[in-house]
J.: 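First the structure, then my questions, so here it is.
Just so you know, residue 1 is the first one in the sequence shown, and it goes up from there. Whatever order the structure lists them in is the order used to number ligands and atoms, beginning at 1.
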Amino acid sequence: MLVVMKKNALPEEIEAVVSAVEQKGFMARPIPGGERVAVCILHNSGAVDASLFLQLPAVKEVIPVTRPFKLVSRESRANDTVVEVGGVPIGNGHLTIMAGPCAIESEEGALEIARIVKERGAQIFRGGAYKPRTSPYAFQGLGEQGLKILARVHSETGMPVVTEAIDHEVFDLVEQYADIVQIGARNMQNFSLLRRAGKSNRAVLLKRGMAATIDEWLMAAEYIMEGGNNRVILCERGVRTFAHHSRNTLDLSAVSVVKQESHLPVIVDPSHAAGFRDQVVPLARAAVAVGCHGLIVEVHNHPERALSDGAQSLYPDQFSDLCRQAEAVSELLHPLREKAAA
Ligand code: PEP
Ligand code: MN
């Protein structure tokens, strides 16, 4: 249930609603909207008597939240959320490009790729220090050393960085270095990790599990928001199907459904969906056309020598093409925004 405050409600009037909710033994979570604040009631097991709140000062209305994911739902926040990371906005009409290698392999290599992707259009640098690998014999990432290299990339290029926390054990360390902590597809329903992310002051990139429904994905985001972290970015990265022509099947319809169901930004990872670099640029174009708020793409200066995911990593010139084409499609969708910004 959502207690919607009047436009000019005072902080103490909002606080009075929070106290009234807490006195009933429930949790209250104020959600700032574009124009007004709404207080979302959580952890109520049945219907809540609306009259309790309607009589309080500055309460406009009380409306039910029909979806199981409450804080994530558009019902609790009509306007798109924009997650800002180091001055870079993600969401609501922006097209944010995150790029870099699958894994951080060396300082020299990471810095070179970072300079390349920045020059060609990326705003955020990606790179795994801890890698979730199918085989225990495969390169597992440089760990803390990789995080230190990410810090160097950040200070040299000014780009915020996104990197994965593969388990609870490494979360504290990853959080110290990452501007955005990634929760990978394999961990989308690792509930203790989601709860830890909910306590983080970092933005979280939540990838869709490879066999997760949209409801399961949004409920995973709800775990993070329920913990108090509202800076959640969703990422569609393809789901497992019978297809062999690609690593996964990019579910573009998920983007438009999520945009209807949730106010959170949703970006697309065409690299892990495709598995092969030649499919990445066309899928990126389609993702922008369907309305995603950004892309996360693997790029390598020498993909043939990459220690992971070389086959899907773009050559620098392909990444330039991707940025140009993504921007062109975005301009078609948002001509007014482009003119206004000019
Ligand atoms: C990654 O981004 O490097 C990654 C492992 O992605 P996913 O969790 O989507 O497989
Ligand atoms: Mn990868």
J.: With salt bridge (Lys or Arg N to Asp or Glu O under 4.0 Å) as the rule and sequence neighbours excluded, what pairs involving residues 80-99 come up?
T.: Arg74-Asp80
J.: Is it the side chain, the backbone, both or neither of Met210 that has a heavy atom closer than 4.0 Å to ligand 1?
T.: neither
J.: Could you tell me whether some N/O pair between Pro132 and ligand 1 is separated by less than 3.5 angstrom?
T.: no
J.: So how far is it from Ile267 CD1 to Leu206 CG, rounded to the nearest 0.5 Å?
T.: 11.0 Å
J.: Please indicate whether any nitrogen or oxygen in Lys131 is less than 3.5 Å from any nitrogen or oxygen in ligand 1.
T.: yes
J.: Can you name the atoms of ligand 1, numbered from 1 with element, that are less than 4.0 Å from a heavy atom of Gly184?
T.: 8 (O)
J.: With a sphere of 6.0 Å drawn around CD of Glu35, does it hold more than 12 non-hydrogen atoms of other residues, nucleotides or ligands?
T.: no
J.: Show, in sequence, the C-alpha distance, side-chain angles and deciding distance for Arg208 and Asp251, and conclude whether the side chain to side chain contact (heavy atoms under 4.5 Å, CB included) test is met.
T.: CA-CA 10 Å; Arg208 180 183 179 187; Asp251 181 7; 2.8 Å; yes
J.: Quick one: does Val88's side chain get under 4.5 Å of Met159's, heavy atoms only?
T.: no
J.: Using a cut-off of 2.8 Å, find all protein N, O or S atoms closer to the Mn ion (ligand 2) than that distance.
T.: Cys102 SG, His272 NE2, Glu298 OE2, Asp309 OD2
J.: Give me the nearest non-hydrogen protein atom to atom 8 (O) of ligand 1 as residue plus atom name, then the distance to 0.1 Å.
T.: Ala185 N, 2.8 Å
J.: Count the heavy atoms belonging to other residues, nucleotides or ligands that lie under 6.0 Å from CG of Asn8, then report whether that count exceeds 12.
T.: no
J.: Mind jotting down which residue pairs meet the side chain to side chain donor-acceptor pair (under 3.5 Å) criterion with at least one end in residues 307-317? Sequence neighbours excluded, please.
T.: Arg120-Asp317, Arg247-Asp309, Arg247-Gln312, His272-Asp309, His272-Gln312, Glu298-Gln312, Glu304-Tyr315, Asp309-Gln312
J.: Taking 4.0 angstrom as the limit, do Lys207 and Glu164 come out as a salt bridge?
T.: no
J.: Do me a favour and list the nearest non-hydrogen protein atom to atom 9 (O) of ligand 1 with residue, atom name and distance?
T.: Arg237 NE, 2.7 Å
J.: Answer yes if the side chains of Asn248 and Ser246 hold a donor-acceptor pair under 3.5 Å, and no otherwise.
T.: no
J.: Are a donor atom and an acceptor atom from the side chains of Glu75 and Thr66 found within less than 3.5 Å of each other?
T.: yes
J.: I'd like to know whether ligand 1 has Arg208 as a neighbour, heavy-atom separation below 4.0 Å.
T.: no
J.: Mark up the atoms of ligand 1 that fall under 4.0 Å of a heavy atom belonging to Arg126, in ascending order.
T.: 1 (C), 2 (O), 3 (O)
J.: Check ligand 1 against Arg186 and write out every atom of the ligand that is under 4.0 Å from a heavy-atom position of the residue.
T.: 7 (P), 8 (O), 10 (O)
J.: What protein heavy atom lies closest to atom 4 (C) of ligand 1? Include the residue and the distance to one decimal.
T.: His272 NE2, 3.5 Å
J.: Hey, are His168 and Ser192 close enough side-chain-wise for a donor-acceptor pair under 3.5 Å?
T.: no
J.: Taking distance alone, with no angle check, do Glu164 and ligand 1 share an N/O pair under 3.5 Å?
T.: no
J.: Enumerate the salt bridge (Lys or Arg N to Asp or Glu O under 4.0 Å) contacts for residues 87-110, please, sequence neighbours excluded, ordered by first and then second residue.
T.: Glu107-Arg152
J.: Can you pull out the closest protein heavy atom to atom 6 (O) of ligand 1? Residue, atom name and distance to 0.1 Å, please.
T.: Lys207 NZ, 2.9 Å
